[in-house]
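Heads up: the structure comes next, in structure tokens.
Values below: all heavy atoms of this structure, side chains included; hydrogens, waters and symmetry mates excluded. Each ligand, and each atom within it, is numbered from 1 in the order the structure gives.
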Amino acid sequence: MRKITIAIDGHSSTGKSTVAKQLADYLGYIFVDSGAMYRAVTLFALRKGIISESHFDKEKLIDSLAEIQLTFKKNKEEKAEMYLNDENVEKQIRTLEVSEFVSPIATVSEVRKKLVEQQQEMGKEGGIVMDGRDIGSVVFPNAELKIFMTASPQVRAERRYKELLERGDTISFEEVLENVTERDQIDSNRRDSPLKIAEGAIVIDNSETNQEDQFHMLLQLAKDRIAGRV
Ligand code: CDP
Ligand code: CDP
């Protein structure tokens with residue numbers, strides 16, 4: 001059976017990674033959460049004092065890029081986890097602090113170039129589901145299936161807030177809502193590879209769709225492409 005490329009882009013906390021992983025598991029494809037890579041670069045920059053509330057030393061970040069090695073390794077449950085220079089940073093990259101600095105980091109073209117090259121290498125054989133912001137537009141413009149996911153900011157912030165509370169983070173709903181809307185704003189307006197609906201992408205608003213229905217809807221779209229029906 002032919003192996004296709006599935007690109008899932010969209011706004012923050014729309015369930016992109018969840019459905020991308022479900023599809024990859026079902027189809028036996030590679031799953032890549034490209035946001036985890038931008039988050040790992042952000043964690044590196046925070047630790048090195050390259051970015052803070054008061055400053056952002058872009059040149060230093062660019063000069064340090066060669067020191068950053070990103071890899072995904074599967075854990076015992078077969079879930080891919082992010083490694084930064086051989087350190088498992090899966091938990092550290094999901095904090096609100098990293099979320100607050102990741103969008104400025106992702107505006108830097110040199111960062112994007114490095115990560116996009118690595119992402120294209122991972123998907124060169126097809127059989128991949130990757131989620132992010134520029135997957136259908138820049139990373140895999142020829143993907144057989146492109147999805148753009150969105151939902152209301154309120155619903156998205158509620159989903160992310162619940163997730164952070166379950167992890168034990170002490171944050172307010174307002175902080176999460178502010179982060180979600182601020183990232184939408186920066187991601188959609190940056191000069192290099194802004195978040196936009198890629199040509200040929202199917203737009204899905206899942207404000208009122210549960211994950212199960214969402215998965216089945218996308219699986220059908222994928223099966224149609226694999227069978228060459230579309
Ligand atoms: O999961 P969540 O929606 O919070 O975001 P993410 O997918 O982990 O991505 C975090 C941030 O990385 C985004 O807000 C973007 O600034 C950046 N990103 C990007 O620029 N391009 C991608 N392909 C993926 C993420
Ligand atoms: O990757 P992205 O930031 O788009 O979202 P995610 O990390 O896959 O999902 C964010 C949260 O929303 C997770 O806790 C999902 O379980 C939840 N979610 C939901 O409750 N209903 C949906 N239809 C989609 C996601």
Quick one, Met217 with Ile202, criterion side chain to side chain contact (heavy atoms under 4.5 Å, CB included). Give me CA distance, side-chain angles, the key distance, then yes/no.
CA-CA 11 Å; Met217 189 195 297; Ile202 297 166; over 6 Å; no
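- Formation of a donor-acceptor pair under 3.5 Å by the Lys114 side chain with backbone atoms of Leu65 is found in this model.
- Annotation: atom 23 (N) of ligand 1 to nearest protein heavy atom, Asp134 OD1, 2.8 Å.
- A donor-acceptor distance shorter than 3.5 angstrom exists from the side chain of Thr181 to the backbone of Leu177, with no hydrogens or angles considered.
- Short contacts between ligand 2 and Thr14, defined as distances under 4.0 Å to a heavy atom of the residue, involve ligand atoms 2 (P), 4 (O), 5 (O), 24 (C).
- Electrostatic pairing of Arg133 and Asp184 does not count as a salt bridge here, judged by no charged N lying under 4.0 Å from a carboxylate O.
- Within the structure, ligand 1 lacks Met37 among the residues with a heavy atom less than 4.0 angstrom away.
- Asp169 places no side-chain N or O within donor-acceptor distance of the main-chain N or O of Leu165, the cut-off being under 3.5 Å.
- Heavy-atom proximity to atom 20 (O) of ligand 1, evaluated over Met149, Glu182, Arg112, Arg159, is greatest for Arg112.
- What sits closest to atom 9 (O) of ligand 1 on the protein, heavy atoms only, is Gly35 CA, 3.6 Å.
- For atom 17 (C) of ligand 1, the nearest non-hydrogen atom of the protein is Ala106 CB, 3.8 Å.
- Considering backbone and side-chain N/O of Arg94, none are found under 3.5 Å from N/O of ligand 1.
- Atom 5 (O) of ligand 2 has as its closest protein heavy atom Gly15 N, 2.9 Å.
- In this structure, Asp131 CG and Asp33 CG are separated by 5.0 Å, a value rounded to the nearest 0.5 Å.
- Closest protein heavy atom to atom 15 (C) of ligand 2: Gln211 NE2, 3.7 Å.
- Residue Ser34 has at least one nitrogen or oxygen atom sitting less than 3.5 Å from a nitrogen or oxygen atom of ligand 1, judged on distance alone.
- Atoms of ligand 2 found under 4.0 Å from any heavy atom of Ser13, numbered from 1 in the order shown, are 2 (P), 3 (O), 4 (O), 5 (O).
- In this structure, the protein non-hydrogen atom closest to atom 16 (O) of ligand 1 is Asp187 OD1, 2.6 Å.
- In terms of protein heavy-atom proximity, atom 14 (O) of ligand 2 is closest to Glu163 OE2, 2.7 Å.
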Kindly indicate, with the supporting measurements, whether the criterion side chain to side chain donor-acceptor pair (under 3.5 Å) is fulfilled by Asp187 and Ser103.
CA-CA 6 Å; Asp187 293 346; Ser103 287; 2.9 Å; yes
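- Here the protein heavy atom with the shortest distance to atom 10 (C) of ligand 1 is Arg183 NH1, 3.5 Å.
- Salt bridge Arg94/Glu90: present, at least one basic N to carboxylate O contact under 4.0 Å.
- Polar contact with ligand 1: absent for Asp33 (N/O pair, distance under 3.5 Å).
- Between Ile8 and the choices Ile204, Leu145, Val19, the side chain to side chain contact (heavy atoms under 4.5 Å, CB included) rule is met once, by Val19.
- Ligand 2 has no nitrogen or oxygen under 3.5 angstrom from a nitrogen or oxygen of Asn210.
- A single hydrophobic cluster is not seen to contain both Ile93 and Tyr161; linkage of ILVMFWY side chains at heavy-atom distances under 4.5 Å, directly or through other members, places them apart.
- Salt bridge status for Lys113 with Glu117: present, with a side-chain N to carboxylate O gap under 4.0 Å.
- Checking Arg112 against Tyr38 by side-chain atom types alone, a donor-acceptor pair falls below 3.5 Å.
- An N or O contact shorter than 3.5 Å links Thr209 to ligand 2 by distance.
- Proximity to Ser12 (heavy-atom distance under 4.0 Å) selects the following atoms of ligand 1: 3 (O), 4 (O).
- In terms of polar-atom proximity, Arg160 is counted as a contact of ligand 1, with an N or O under 3.5 Å from an N or O of the ligand.
- Proximity of Gln119 to ligand 1 is not established, as no heavy-atom distance is less than 4.0 Å.
- Exactly one of Ile135, Ile147, Val139, Val138 qualifies for a side chain to side chain contact (heavy atoms under 4.5 Å, CB included) with Asp9. That residue is Ile135.
- Comparing Arg133, Arg156, Lys16 against atom 7 (O) of ligand 1, the shortest heavy-atom distance belongs to Arg133.
- Protein heavy atom nearest atom 8 (O) of ligand 1, with residue, atom name and distance: Arg39 NE, 2.7 Å.
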